[in-house]
Each structure stands twice: as C-alpha cells, then as structure tokens.
S.K.: 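Have a look at this one before I ask anything.
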Amino acid sequence: MPADLAEKTDRYERLLAEALDAAEPVAPDGTPLDDASAECLEMAESYLDDGRHFRENDDPVNALAAFSYGHAWLDAGARIGLFDVPTDGHLFTV
C-alpha cells in the first residue's frame with residue numbers, strides 16, 4: 001500500500017527536525033571543516049523552513065522534497081565526519 005503524501009510529509013518533517021537537534025558539529029573552530037559543517041547545518045535549517053513554507057501554502061510535494069533535501073545535507077555531513085550523530089536508530093545512515 002503506498003504511503004499517504006500527508007503522512008510521509010509529516011514524517012520527513014519530524015525526521016529532519018530531530019536530525020537537526022541531534023547533529024553536533026565536531027570540526028575544530030575556525031577550520032575549513034568547521035565552515036563546511038556550519039554550511040550543512042544552515043542548508044538543512046533553510047530546507048526545513050522552506051518545507052514548512054510550502055506546507056503552509058498547500059504544496060505538499062515541494063514540502064516533502066525540501067525536507068528530504070535538508071536531511072540529505074545532514075546525512076552527507078555525518079558521513080564525512082562533520083557531525084557527531086547517533087549511530088543507532090532512524091535518524092542517520094552512518
């Protein structure tokens with residue numbers, strides 16, 4: 001049975017918000033990796049805001065895409081070691 005668009009959008013919004021709360025930057029201050037982790041967090045936060053804007057404007061498809069893209073920024077940052085993240089559970093693919 002296919003997932004309901006509204007349910008999936010809700011789930012991905014929660015997943016992104018939880019992942020943002022869980023991701024802790026670990027790069028030394030003032031280094032290029034610190035800059036990269038800040039950029040990944042900024043992009044994820046921006047996509048969360050964008051997704052919420054799309055939802056408010058009755059555009060669930062673009063909301064779901066924004067939440068997914070935001071989480072991809074965090075997942076990529078976690079994969080290359082920019083963030084300390086939980087390795088068990090459902091938030092990250094590390």
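Both backbone and side-chain heavy atoms feed into the values below; hydrogens, waters and symmetry mates do not. Everything numeric here is computed off the predicted structure, so don't read it as measured data.
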S.K.: Are Leu16 and Leu41 connected, step by step, through hydrophobic side chains (Ile, Leu, Val, Met, Phe, Trp, Tyr) whose heavy atoms are closer than 4.5 Å?
M.R.: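 Yes.
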
S.K.: Using the salt bridge (charged side-chain N to carboxylate O under 4.0 Å, His left out) criterion, which residues pair with Glu7? Sequence neighbours excluded.
M.R.: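 For Glu7, the residues satisfying salt bridge (charged side-chain N to carboxylate O under 4.0 Å, His left out) (neighbours in sequence not counted) are Arg11.
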
S.K.: Is there a donor-acceptor pair closer than 3.5 Å between any side-chain N or O of His71 and the backbone N or O of Leu91?
M.R.: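 Yes; judged by distance alone, with no hydrogens or angles, the pair exists.
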
S.K.: Can you pull the side chain to side chain donor-acceptor pair (under 3.5 Å) pairs that have at least one residue in residues 23-36, sequence neighbours excluded?
M.R.: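 Every candidate side chain to side chain donor-acceptor pair (under 3.5 Å) pair involving residues 23-36 fails, so no pair, neighbours aside, qualifies.
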
S.K.: Quick one: do Tyr69 and Val85 end up in the same hydrophobic cluster if we chain Ile, Leu, Val, Met, Phe, Trp and Tyr together by side-chain heavy atoms under 4.5 Å apart?
M.R.: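 They do not share one cluster, since no chain of ILVMFWY contacts under 4.5 Å joins Tyr69 to Val85.
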
S.K.: One pair to check against side-chain contact (heavy atoms from CB on, under 4.5 Å): Leu15 and Phe67. What are the steps and the verdict?
M.R.: CA-CA 8 Å; Leu15 182 68; Phe67 297 144; over 6 Å; no

S.K.: How close do Trp73 and Tyr47 get, counting heavy atoms only, and between which atoms?
M.R.: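 For Trp73 and Tyr47, the tightest heavy-atom pair comes out as NE1-CE1, 3.6 Å.
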
S.K.: Could you give all pairs that pass the side chain to side chain donor-acceptor pair (under 3.5 Å) test and reach residues 48-58, with sequence neighbours left out?
M.R.: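 For residues 48-58: Asp10-Arg55, Glu13-Arg52, Glu13-Arg55, His53-Asn57.
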
S.K.: Is there a side-chain contact between Val26 and Leu82, using heavy atoms and a 4.5 Å cut-off?
M.R.: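 No. Closest side-chain heavy atoms not under 4.5 Å.
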
S.K.: For Asn62, enumerate each residue passing the side chain to side chain donor-acceptor pair (under 3.5 Å) test, keeping only those at least two apart in sequence or located in another chain.
M.R.: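 Applying side chain to side chain donor-acceptor pair (under 3.5 Å) to Asn62 gives Asp59.
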
S.K.: Considering residues at least two apart in sequence or located in another chain, which fulfil the salt bridge (charged side-chain N to carboxylate O under 4.0 Å, His left out) criterion with Arg14?
M.R.: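 Here no residue qualifies.
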
S.K.: Please tell me whether Val61 and Phe54 are part of a single hydrophobic cluster in this structure, the criterion being side-chain heavy atoms less than 4.5 Å apart.
M.R.: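 Val61 and Phe54: separate clusters.
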
S.K.: Of all heavy-atom pairs between Phe92 and Ala22, which one has the smallest distance, and what is that distance?
M.R.: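 In terms of heavy atoms, the two residues are closest at CE1-CB, 4.2 Å.
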
S.K.: Nearest 0.5 angstrom please: Leu74 CG to Leu20 CG, how far?
M.R.: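 Going from CG on Leu74 over to CG on Leu20, the span is 5.0 Å.
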
S.K.: Between Phe83 and Ser37, which heavy-atom pair has the shortest distance, and what is it?
M.R.: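 Phe83 and Ser37 have their closest heavy atoms at CZ-O, 3.6 Å.
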
S.K.: Under the side-chain contact (heavy atoms from CB on, under 4.5 Å) rule, collect the residues that match up with Arg79, sequence neighbours excluded.
M.R.: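 If we apply the side-chain contact (heavy atoms from CB on, under 4.5 Å) test to Arg79, skipping adjacent residues, the hits are Thr93, Val94.
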
